[in-house]
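Along the sequence shown, residues are numbered consecutively beginning with 1.
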Amino acid sequence: AFLNYLAVSMHFPYELFMALVTSLMMAMFYYFLKNSCHCSMVGLLIFYSVIFMIYPLSVSRQGLSIAFFFSYLYPLLKENRIKKYVIWSLITSTIHASALIFLLFPFIYKIQISYKYLLLLFTISFVILFFSINLMGYVPVPFIQDRMKTYLSDASGNLLLAKIVRFILV
């Protein structure tokens, strides 16, 4: 919302605003892939062929938040600079509220998960996805329930998206 307000107040044309935001996202993803992946060209190929066409252009604020996570916050997390990580995660959440989930990553990052446990989680996720099990009753916060209804609803016009979100949530 702040970025949109800033662009409107500076009389930026929408196309220019989207071009700048998308270019910034691409640069941040490039920085992450170049510095964190062994085979960065494969990562760039996947990013440009799939993610670029689907993700950042359709949900630019969330894409910008995720790009910022990979390019700046993830290195902070790896270096164990938690205070700076938390501050910048909170600042990033002003771009898109979904960035608040970044605050959980320092706790998750330190957990050593066995492959058997990952297989179990994958199997449970697949069962929930396959049988379209609704998890809304297990979310204790009404605000989050309201937000999730849009993404989990089969009637939203995008059944595949609803199934993918169910899979990711587990």
Side-chain angles (χ1 to χ4, degrees), residues 1-37 43 46-48 50-111 113 121 125 128 134-153 156 158 160-170:
F2 175 72
L3 288 177
N4 289 339
Y5 172 76
L6 188 63
V8 168
S9 66
M10 296 175 68
H11 304 290
F12 268 53
Y14 177 74
E15 294 80 11
L16 177 62
F17 174 72
M18 288 306 296
L20 291 174
V21 169
T22 304
S23 297
L24 180 63
M25 280 188 282
M26 291 184 342
M28 286 191 269
F29 275 115
Y30 172 77
Y31 177 80
F32 167 73
L33 291 170
K34 180 181 165 208
N35 295 322
S36 299
C37 296
I46 292 169
F47 174 74
Y48 286 127
V50 179
I51 297 174
F52 175 71
M53 295 305 293
I54 296 170
Y55 198 73
L57 291 178
S58 62
V59 284
S60 59
R61 291 181 303 125
Q62 190 174 22
L64 182 61
S65 297
I66 292 172
F68 186 74
F69 170 78
F70 282 122
S71 66
Y72 186 71
L73 294 176
Y74 182 69
L76 288 177
L77 186 62
K78 283 175 52 176
E79 296 167 4
N80 205 24
R81 297 170 61 192
I82 303 302
K83 184 177 178 180
K84 196 171 187 178
Y85 175 88
V86 168
I87 291 169
W88 279 104
S89 293
L90 291 171
I91 291 171
T92 305
S93 72
T94 64
I95 296 171
H96 198 278
S98 66
L100 288 172
I101 198 147
F102 299 159
L103 296 174
L104 296 176
F105 292 171
F107 303 106
I108 296 170
Y109 188 72
K110 294 181 181 185
I111 297 174
I113 301 174
L121 284 177
S125 298
I128 288 171
N134 190 351
L135 301 173
M136 292 300 294
Y138 300 105
V139 178
V141 181
F143 171 75
I144 296 173
Q145 285 179 348
D146 292 338
R147 291 286 203 151
M148 289 174 57
K149 282 180 186 176
T150 303
Y151 297 109
L152 296 176
S153 171
S156 68
N158 196 344
L160 179 61
L161 177 64
K163 290 189 177 285
I164 290 171
V165 170
R166 283 187 191 118
F167 181 78
I168 291 171
L169 286 176
V170 174

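Using a 30° and 60° split on the angle between ring planes, F70 and F29 fall in the tilted class, from 30° to 60°. Using the six-membered ring where Trp is involved, F69 and Y85 have ring planes that are perpendicular, over 60° apart on the 30 and 60° scheme. Below 30°, between 30° and 60°, or above 60°: for W88 and Y72 the angle between ring planes is above 60°, a perpendicular geometry.
Applying the salt bridge (Lys or Arg N to Asp or Glu O under 4.0 Å) test to residues at least two apart or on different chains, none of the pairs has a partner in residues 99-110.
Between atom CD1 of residue I82 and atom CG of residue L77 there is a gap of 5.5 Å, rounded to the nearest 0.5 Å. Between F68 atom CZ and L24 atom CG the span is 9.5 Å, to the nearest 0.5 Å. Within the model, atoms CD1 of I108 and CD1 of I111 stand 6.5 Å from one another, a figure rounded to the nearest 0.5 Å. Here the NZ atom belonging to K83 is positioned 13.5 Å from the CG atom belonging to L76, to the nearest 0.5 angstrom.
The side chain to side chain contact (heavy atoms under 4.5 Å, CB included) test with S65 singles out one residue from L73, I101, L100, T92, and that residue is T92.
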Side chain to side chain contact (heavy atoms under 4.5 Å, CB included) between M28 and L64, worked out: CA-CA 9 Å; M28 286 191 269; L64 182 61; 3.4 Å; yes

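A donor-acceptor pair under 3.5 Å is formed between the side chain of T94 and the backbone N or O of I91.
With sequence neighbours left out, the ring-ring contact (aromatic ring centres under 6.0 Å, His included) criterion links Y109 to no other residue.
More than 12 heavy atoms of other residues, nucleotides or ligands lie within 6.0 Å of CZ in F17, so this atom counts as buried by the packing criterion.
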